[in-house]
Amino acid sequence: MNRDETLTLIQQMEHARQHLHDLYEEYGFGHACVLEQSMLLDELINQYNRMFQTKKQPHYV
């Protein structure tokens with residue numbers, strides 16, 4: 001991903017986080033829409049982490 005795509009993903013994550021907060025304030029923790037939004041945010045975070053993840057191979061001696 002290039003810099004613009006990374007910034008867009010960060011903006012999406014922040015928007016999703018704020019929306020999750022708003023839903024939590026309105027419906028509480030266990031409501032289905034809050035859980036759904038939480039999963040959406042988790043996926044964005046996972047996508048962001050995969051962008052910077054380096055695969056390390058185990059070293060056997």
[atom1]/[X] to [atom2]/[Y] distance, rounded to the nearest 0.5 angstrom?
X: L40; Y: C33; atom1: CG; atom2: SG; result: 12.5 Å
X: I10; Y: M51; atom1: CD1; atom2: CE; result: 7.0 Å
X: M13; Y: T8; atom1: CE; atom2: OG1; result: 12.5 Å
X: T6; Y: R3; atom1: OG1; atom2: CZ; result: 9.0 Å
X: Q11; Y: L44; atom1: CD; atom2: CG; result: 12.5 Å

Hydrophobic cluster identity match, I45 and L9, side-chain contacts under 4.5 Å:
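Same hydrophobic cluster.
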Beyond-backbone contact of D22 with Y27, side-chain heavy atoms, under 4.5 angstrom
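Heavy-atom side-chain distance check fails, nothing below 4.5 Å.
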Out of R17, H21, H31, H19, which one pairs with Q37 under the side chain to side chain contact (heavy atoms under 4.5 Å, CB included) rule?
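Answer to the side chain to side chain contact (heavy atoms under 4.5 Å, CB included) test with Q37 among R17, H21, H31, H19: H19.
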Within 6.0 Å of CD in E36, more than 12 heavy atoms from elsewhere:
no
Least distance between heavy atoms, S38 atom then L20 atom:
N-CD1, 3.8 Å
Do you know which two heavy atoms are closest between V34 and Y24, and how far apart they sit?
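So the minimum-distance heavy-atom pair works out to CG2-N, 3.9 Å.
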